[in-house]
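As the structure is a computational prediction, the values presented were derived from the model and not from experiment. Residue numbering restarts at 1 for every chain, and letters A, B, ... go by the order of the sequence lines.
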Protein chains: 2
Amino acid sequence: MKSLSTGAVLAAGAELVREHGWNALSMRTVATRLGVTPMALYRHVPNADSLSSGVLSFIAEPIAEVTRSGDAFTDLEAWARRTHAALVPYPGAAAALLVRWFETSPALRAVDALLQSMHDEGVEGFEAVAAVNAVFMFALMRAQGEQSVRDAGVVKRTLHTAAVAYPLPRLTALAEHYTTARFDLHFDYGLRVLLDGIAARKAAS
Amino acid sequence: MKSLSTGAVLAAGAELVREHGWNALSMRTVATRLGVTPMALYRHVPNADSLSSGVLSFIAEPIAEVTRSGDAFTDLEAWARRTHAALVPYPGAAAALLVRWFETSPALRAVDALLQSMHDEGVEGFEAVAAVNAVFMFALMRAQGEQSVRDAGVVKRTLHTAAVAYPLPRLTALAEHYTTARFDLHFDYGLRVLLDGIAARKAAS
DNA sequence: ACCTGAACACCGTTCAAGT
DNA sequence: ACCTGAACACCGTTCAAGT
């Protein structure tokens, strides 16, 4: 199946990330998956870096949309849940987005829409920026954390190894909070703490 | 100057990151900097991945220490400021640590000490984990953001480019808040949001 | 216009060899 | 014990060539 297109290249890249993780993405792996020579991609994508950011935008497309319920906190919560769900299937994508969100169109559109929600709620200036930033980072970090910890026993193994050199009593005691097991619970809880903090701050002003 | 050591290899790696950024780090670049064959490093470091994490730990060593003032929130704030200052000279290190903090000894020790501060303040369980996590990620994101934005005009240039395809009115209006200059203000606000969230949470229970 | 093939400068890493 | 050198399988990318 020849006659490629930019869309086909990015879609193939996204599939590759879903199956083998963000680090497996390269000009050559995408080319092989498409049954084509690496050089063929240069007709549709300027270079490797552009392939990465293109695939990231392709993956992140579903997070651009923000539903408007009339209540900004409901919007933030709904967006965080959808974003978390959208990124978890693509190992390493959340981490990549965490570092490159400012060059990623769907992320920029999401932030803009969330800022609009806050604006309509009466939250302005850097309070709005910090609030949106906090929720944005939370959703991405949870998605990335869930992926990192997915291998069974990573937490305890790492803690055990590190504890040989240094005692980590509090971290060890709270290790359960860093595991995947009760992830939904912790996601809900953390998000609620965050939203309550923003709301309390707003009420105080 | 032959007769290497693990410490010398990691120190050379850190210097290389400081001068040319995290992406410049490799077996071969470190070897050349030490005036030695790439294979010579394998005597002191098991593989490339281990070189990366070793250099990251080397760079992050100063963030392990947490000063205890008696007030946990003072400790959090002081630690975040020192961490930010420690990571900014090493381009890309904060982003790397953001993804790999759980395998990095100084980061684990810092988190443990911060959890201890919260524990002594009477903040336990998930509240403590969420609070420390948020501050930790916040400090790293700001360090990384400051590096990313260091090139003059990145924010406005990116926004202008993105705005060709999609209007980003709120983001454009608030662009100044995403620049480096506002670090202190953002830090204070982020911390306050966190504390208010915990307080609201406790009041509700 | 679109894709191929050879080539080059990079990676990490194995294995055999030097001292 | 410590380092070197050749070799191999990967990268991204340029350039000339095919259709």
Side-chain angles (χ1 to χ4, degrees), chain A residues 1-59 90-93 95-96 99-100 103-104 151, chain B residues 1-59 90-93 95-97 99-100 103-104:
Chain A
M1 191 133 315
K2 295 304 152 76
S3 81
L4 305 170
S5 69
T6 306
V9 169
L10 300 185
E15 274 309 295
L16 207 145
V17 172
R18 167 142 57 190
E19 290 171 21
H20 301 105
W22 182 254
N23 290 336
L25 186 69
S26 78
M27 285 285 186
R28 289 179 125 103
T29 53
V30 171
T32 336
R33 169 176 270 266
L34 287 167
V36 105
T37 270
M39 291 319 303
L41 302 187
Y42 282 83
R43 185 77 28 189
H44 308 99
V45 147
N47 51 37
D49 200 65
S50 183
L51 174 71
S52 289
S53 68
V55 169
L56 192 57
S57 288
F58 188 94
I59 290 173
Y90 298 91
V99 174
R100 310 171 65 167
E103 316 154 13
T104 309
D151 310 302
Chain B
M1 192 132 320
K2 298 304 151 79
S3 81
L4 305 171
S5 68
T6 305
V9 170
L10 300 185
E15 275 309 296
L16 206 145
V17 171
R18 166 142 55 189
E19 289 171 22
H20 300 105
W22 182 254
N23 289 335
L25 186 69
S26 79
M27 286 282 185
R28 290 178 124 103
T29 53
V30 171
T32 335
R33 168 176 270 268
L34 288 167
V36 105
T37 269
M39 291 320 302
L41 302 187
Y42 282 83
R43 186 79 24 193
H44 307 98
V45 147
N47 52 35
D49 200 66
S50 183
L51 174 71
S52 290
S53 68
V55 169
L56 193 56
S57 289
F58 188 93
I59 291 172
Y90 298 90
L97 192 56
V99 175
R100 311 171 65 166
E103 317 155 11
T104 308

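- Judged as a side chain to side chain donor-acceptor pair (under 3.5 Å), not a single pair has a partner in residues 36-45 of chain A (not counting sequence neighbours).
- As rounded to whole Å, 14 Å separates atom C1' of D:dA7 from atom OH of B:Tyr42.
- Checked against side-chain contact (heavy atoms from CB on, under 4.5 Å), A:Ser53 has the following partners two or more places apart in sequence or in another chain: A:Arg100.
- Residue A:Phe58 comes nearest to A:Gly7 through the heavy atom pair CE1-O, 4.3 Å, listed as atom of the first residue, atom of the second, then distance.
- Between the CG atom of A:Leu41 and the CG atom of A:Leu34 there is a distance of 6.5 Å, given to the nearest 0.5 Å.
- Which of D:dT14, C:dT13, D:dC3 sits closest to the side chain of A:Met39 comes down to D:dT14.
- Each of C:dC3, D:dT13, D:dA6 was ranked by its minimum atom distance to the side chain of A:Pro38; first place goes to D:dT13.
- Only A:Asn47, A:Ala48, listed by number, bring a heavy atom of residues 46-53 of chain A to less than 4.0 angstrom from any atom of DNA chain D.
- Minimum interatomic distance between B:Leu51 and B:Val9 (heavy atoms only, all atoms of both residues): CD1-CG1, 3.7 Å.
- No contact: A:Ser5 has no heavy atom under 4.0 Å from any strand.
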Watson-Crick and G-U pairing of DNA chain C, under 3.5 Å, as dot-bracket with | and [ ]: ||.|||||...|||||.||

Determine all donor-acceptor pairs shorter than 3.5 Å in which one atom belongs to a side chain in residues 18-31 of chain B; sequence neighbours excluded.
| from | atom 1 | to | atom 2 | distance (Å) |
| --- | --- | --- | --- | --- |
| B:Arg18 | NH2 | B:Glu15 | OE2 | 2.8 |
| B:Glu19 | OE1 | B:Arg33 | NH2 | 2.7 |
| B:Glu19 | OE2 | B:Arg33 | NH2 | 3.1 |
| B:Ser26 | OG | B:Arg28 | N | 3.4 |
| B:Ser26 | OG | B:Thr29 | N | 3.1 |
| B:Ser26 | OG | B:Thr29 | OG1 | 3.1 |
| B:Thr29 | OG1 | B:Ala24 | O | 2.9 |
| B:Thr29 | OG1 | B:Ser26 | N | 2.9 |
| B:Thr29 | OG1 | B:Ser26 | O | 3.0 |

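- Of the residues in residues 13-28 of chain A, none has a non-hydrogen atom less than 4.0 angstrom from any atom of DNA chain C.
- Closest approach of B:Ala93 and B:Leu56 over heavy atoms only: O-CD1, 3.8 Å.
- OP1 and OP2 of D:dC2 both lie 4.0 Å or more from every side-chain N or O belonging to B:His44.
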